[in-house]
Amino acid sequence: MQQYTIVSREAHMAREPDVHICEVAPRDGLQNLDIFVPSEAKCALIDMIAAAGIREIDAGSFVPPKVVPQFADVDAVMAHALMHKSTLIGALVPNPKGAERAIGAGVDAVYFVISASETHNRANVRRSVDEQVEGFRAVRAAIDARPLGQRPRLMGAISTSFGCSLEGEVSEAAVCRVARAFAEARADEIGLADTVGYATPKSIRQIVGAVQRELGSQMTLRLHLHDTLGAGLANAVAGLEAGIRRFDAAVSGLGGCPFAPGARGNIVTEDLVFMLERMGLSTGIDLDRLMQTREILARHIPADHLTGHLHEAGIPKLLRSAA
């Protein structure tokens, strides 16, 4: 079979990449589906993602199965994912109870979510923003109580940072308020999420800049972008221009939020990797292996859920090389 390799995985892994990509398909990518993806398929997907050189995987969410049935098997899937010792394995949690389960499972990273939109926060986690901030502080305390070598990384994710399908416009002040709360509670990193895909390059620069001014350069930021209105990759470039070097993405553009009407897929990891590499920025990711994740997904997920320009057009000949 002919291979289409931009830069070999071995060459990439020899050094730290210019851009860090967290693969979120096993969690964000599956949570909005109305079909249950078998545990074996989830594990195979995670295996292929790790084999492609992805250094961080959002592998699931510790939520009650009655709320998000897709993660009824999260304990088994997470145990499998954590076998990949060279990959940081994380889980999204909505509250301290979920965090307790994630920490007990031995995850490498906990992603705790608070919405900048009060309306979305109540729909998503059934709490006010202030109540959710208190929950984050409790998670921080629980992690700090553990031995040094057993403390997962704690990221504060700010949903609806660039607009909300329930509330409309979300102000810079609302985003900065949550960012400041995360920073004061000692988050290790803060993610700005375009939950419903309303962002534009202009708003990316505005919100990222506002948070940077609020927190200073010491806080690591990442972007979680959706492609609802087709601006996802343009927004990623705007993020790069604003100094962001950490992004979330999903293979085949899977994704959506069950509690945000109109939310659609994440930016496509394959397309993002291709764009970044063509811009001269290393990702440490083997694009050939990443493209093979489509085969796993296609066995269980209807084709209309799977997107990606690279899958449709093929990798240009100028980048092809024999295996």
Side-chain angles (χ1 to χ4, degrees), residues 22-50 54 56-84 87-115 120-127 132 135 139 142 152 154-155 157 159 193 195 224 226 248 250-261 263-266 293-306:
C22 173
E23 177 56 54
V24 302
R27 195 272 305 171
D28 189 328
L30 303 182
Q31 68 183 6
N32 213 30
L33 295 176
D34 57 5
I35 55 171
F36 183 80
V37 177
S39 305
E40 295 78 7
K42 292 171 183 168
C43 292
L45 175 62
I46 289 168
D47 291 345
M48 183 61 73
I49 291 166
I54 295 278
E56 181 178 359
I57 301 174
D58 182 354
S61 183
F62 286 89
V63 295
K66 65 180 180 180
V67 177
V68 186
Q70 192 67 249
F71 302 125
D73 59 353
V74 66
D75 292 294
V77 172
M78 200 63 63
H80 179 87
L82 286 165
M83 295 172 63
H84 294 283
T87 305
L88 188 148
I89 302 297
L92 183 128
V93 303
N95 51 45
K97 184 175 181 179
E100 180 181 352
R101 291 179 61 199
I103 294 167
V107 301
D108 303 310
V110 172
Y111 314 126
F112 191 96
V113 60
I114 303 178
S115 302
H120 181 264
N121 199 75
R122 290 182 181 277
N124 194 35
V125 297
R126 297 174 177 82
R127 292 174 182 82
Q132 195 70 344
V139 174
L154 179 58
M155 186 186 82
S159 296
T195 308
H224 177 101
H226 285 247
D248 291 347
V251 289
S252 293
L254 289 171
C257 175
F259 308 104
R264 296 182 63 187
N266 291 272
T293 58
R294 179 68 71 100
E295 298 174 16
I296 298 170
L297 296 172
R299 297 185 200 123
H300 304 279
I301 298 172
D304 59 355
H305 288 285
L306 307 178

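Keep in mind the model is a prediction, meaning the values are calculated, not measured.
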Side-chain donor-acceptor pairs of residues 88-104 under 3.5 Å, sequence neighbours excluded:
residue: Asn95; atom: OD1; partner: Lys97; partner atom: N; Å: 3.2
residue: Asn95; atom: OD1; partner: Gly98; partner atom: N; Å: 2.7
residue: Arg101; atom: NH2; partner: Asp75; partner atom: OD2; Å: 3.2

Please round to the nearest 0.5 Å and tell me the distance separating atom [atom1] of [X] and atom [atom2] of [Y].
X	Y	atom1	atom2	result
Asn266	Leu254	CG	CG	8.0 Å
Cys43	Met48	SG	CE	13.5 Å
Asn121	Arg127	CG	CZ	9.0 Å
Ile114	Asn124	CD1	CG	11.0 Å

Legend entry - Results of ring-ring contact (aromatic ring centres under 6.0 Å, His included) for Phe112 - residues two or more places apart only: Phe136

Legend entry - Qualifying residues under side-chain contact (heavy atoms from CB on, under 4.5 Å), relative to Pro65, sequence neighbours excluded: Ala72

Is the shortest side-chain heavy-atom distance between [X] and [Y] below 4.5 Å?
X	Y	result
Leu45	Val251	yes
Met78	Val107	yes
Ile57	Pro26	yes

Inset, instruction - Could you walk me through whether His224 and Asp28 pass the side-chain contact (heavy atoms from CB on, under 4.5 Å) test, one step at a time? - result: CA-CA 10 Å; His224 177 101; Asp28 189 328; 2.9 Å; yes

Inset, instruction - Give every residue pair that meets the side-chain hydrogen bond (donor to acceptor under 3.5 Å, both in side chains) criterion with at least one member in residues 38-49, sequence neighbours excluded. - result: Ser39-Asp73, Lys42-Gln70, Lys42-Asp73, Asp47-His80, Asp47-His84

Inset, instruction - Using side-chain hydrogen bond (donor to acceptor under 3.5 Å, both in side chains) as the criterion, list what pairs up with Asp108, not counting sequence neighbours. - result: none

Inset, instruction - Go through the structure and list residues passing salt bridge (charged side-chain N to carboxylate O under 4.0 Å, His left out) with Arg122, not counting sequence neighbours. - result: Glu118

Inset, instruction - Could you give me the CA-CA distance, side-chain angles and deciding distance for Arg27 and Tyr111, then say whether side-chain contact (heavy atoms from CB on, under 4.5 Å) is met? - result: CA-CA 11 Å; Arg27 195 272 305 171; Tyr111 314 126; 5.8 Å; no

Inset, instruction - Could you verify whether a donor N or O on one side chain and an acceptor N or O on the other, from Ser252 and Arg294, lie under 3.5 Å apart? - result: yes

